[in-house]
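Written out below as structure tokens is the structure these notes cover.
Along the sequence shown, residues carry numbers from 1. Note that ligands are numbered from 1 as they come in the structure, with each ligand's atoms numbered from 1 the same way.
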Amino acid sequence: MAGELASHKIKIGFIGGTGLEDPKILTNFVEHDLTTPFGKPSSPLLEGEINGTPVVLLARHGRHHQFSPTNVNYRANFWAMKMLGVNIIMGSNASGSLRENIIPGEFVFFDSFIDRTTKREQTFHDGQPGHPCKGVCHVPMLPAFNETLRKSADDLKLPHHDKGTIICIEGPRYSSLAESNLFRQWGAHVINMTICPEVALARELGIPYAGVALVTDFDCWKEGDRHVSVDVVTELIISNAEKTKRLFVHAIEKIGAAKTELLDEVRAAKLVARNSVMIDPA
Ligand code: ADE
């Protein structure tokens with residue numbers, strides 16, 4: 001699905017993440033309380049500027065963290081971004097590490113994913129009355145994440161890994177020890193509860209998308225370490241909030257510098273989205 005042509009301007013959507021819904025990081029901001037054909041997004045969207053670049057912020061779990069990963073209205077979140085003309089999206093995700101060398105406090109710009117979710121709407125093309133997307137959409141997942149955005153980490157002066165596979169579980173519970181070890185054997189590097197279906201919905205809309213994991217814990221596989229819990233995750237998110245903001249400001253500068261390349265990619269992503277829809281020719 002890709003109704004409109006890509007505009008000639010970049011507007012970046014950020015889906016976060018404690019700290020990122022802070023309006024103080026924006027200048028000239030306005031709030032949009034939107035309703036989409038898929039329902040209400042998790043929270044009002046904040047639109048403003050960072051260093052002159054138009055930016056829209058959205059708190060994935062709601063301003064009061066009231067939506068569990070299963071109950072986030074991912075489709076409404078992405079549709080609301082589209083309604084505001086956002087054509088590039090970055091997401092931040094607190095995530096557990098499944099590897100010795102990926103340490104809490106570091107960032108991972110993952111390049112692929114494994115989907116273990118079971119209860120989420122994965123497509124805008126669901127054939128439901130009143131929903132705007134016709135036909136059936138089979139969108140390719142290679143590359144899953146936008147490479148130019150992912151590479152915005154290149155000269156980042158913060159500890160990070162520039163690739164990795166993220167596994168997304170349904171939650172809300174954390175993994176058992178057997179599950180954690182299984183995911184390690186499968187080759188996953190980090191684990192979270194929200195990258196799916198965001199990655200697929202972005203592809204269906206033809207919006208280049210990248211996610212970055214802020215590593216908060218070692219899940220429960222690592223002996224001698226504090227196992228994942230709400231306390232462990234929250235402590236780490238709070239103590240790294242400033243660093244996460246710095247990361248996003250850096251990403252915005254890089255996106256501004258790669259504007260022409262990214263606008264080409266916006267057009268290419270829209271084409272892939274459009275060509276992925278099968279419509280009954282009759
Ligand atoms: N989010 C942060 N840490 C996590 C973990 N270990 N598993 C799933 N989601 C997470």
**Message:** If we count only N and O atoms by modelled type, under 3.5 Å, do the side chains of Asp115 and Thr117 hold a donor and an acceptor together?
**Reply:** yes
**Request:** Output yes when the distance from some N or O of ligand 1 to some N or O of Val228 is under 3.5 Å, and no in every other case.
**Result:** no
**Request:** Heavy-atom distances under 4.0 Å are what count here, so tell me which part of Asn93 touches ligand 1: side chain, backbone, both or neither.
**Result:** neither
**Asked** Can you check whether Phe110 and His189 have ring centres sitting under 6.0 Å from each other?
**Response** no
**Message:** If I apply the N/O under 3.5 Å rule, does Asp219 come out as touching ligand 1?
**Reply:** yes
**Flag for Gln66-His61: side-chain donor and acceptor within less than 3.5 Å** = no
**Prompt:** Does any N or O atom in Ala94 lie less than 3.5 angstrom from one in ligand 1, N or O only?
**Reply:** yes
**Asked** Rounded to the nearest 0.5 Å, what separation is found between the CG atom of Leu26 and the CG atom of Leu46?
**Response** 6.5 Å
**Complete:** Any heavy atom of Thr216 under 4.0 Å from ligand 1? The part involved is side chain
**Request:** Answer side chain, backbone, both or neither: which part of Ile191 comes under 4.0 Å from ligand 1, heavy atoms only.
**Result:** both
**Prompt:** Relative to atom 3 (N) of ligand 1, which among Thr234, Val233, Asp217 owns the nearest non-hydrogen atom?
**Reply:** Asp217
Report all side-chain donor-acceptor pairs from residues 217-224 shorter than 3.5 Å, counting only partners two or more places apart or in another chain.
unit_1 : atom_1 : unit_2 : atom_2 : d
Asp217 : OD1    : Asp219 : N      : 2.7
Asp219 : OD2    : Ser180 : OG     : 2.6
Trp221 : NE1    : Ser97  : O      : 2.8
Trp221 : NE1    : Phe218 : O      : 3.1
Lys222 : NZ     : Glu100 : OE1    : 3.3

**Identity and distance of the protein heavy atom lying nearest atom 9 (N) of ligand 1** = Asn192 CA, 3.4 Å
**Request:** Would you check if the side chain of Asn192 reaches a backbone N or O of Thr194 as a donor-acceptor pair within less than 3.5 Å?
**Result:** yes
**Message:** Within the 4.0 Å heavy-atom shell around Tyr174, which atoms of ligand 1 are there?
**Reply:** 4 (C), 5 (C), 7 (N), 8 (C), 10 (C)
**Asked** Would you say the side chains of Glu204 and Ser276 form a donor-acceptor pair under 3.5 Å?
**Response** no
**Message:** Tell me the protein heavy atom at minimum distance from atom 4 (C) of ligand 1, and give that distance in Å.
**Reply:** Gly96 N, 3.5 Å
**Fill in**
Within the 4.0 Å heavy-atom cut-off, what Cys220 brings close to ligand 1 is neither
**Request:** Indicate whether the side chain of Tyr209 and that of Arg203 have a donor and an acceptor atom separated by less than 3.5 Å.
**Result:** no
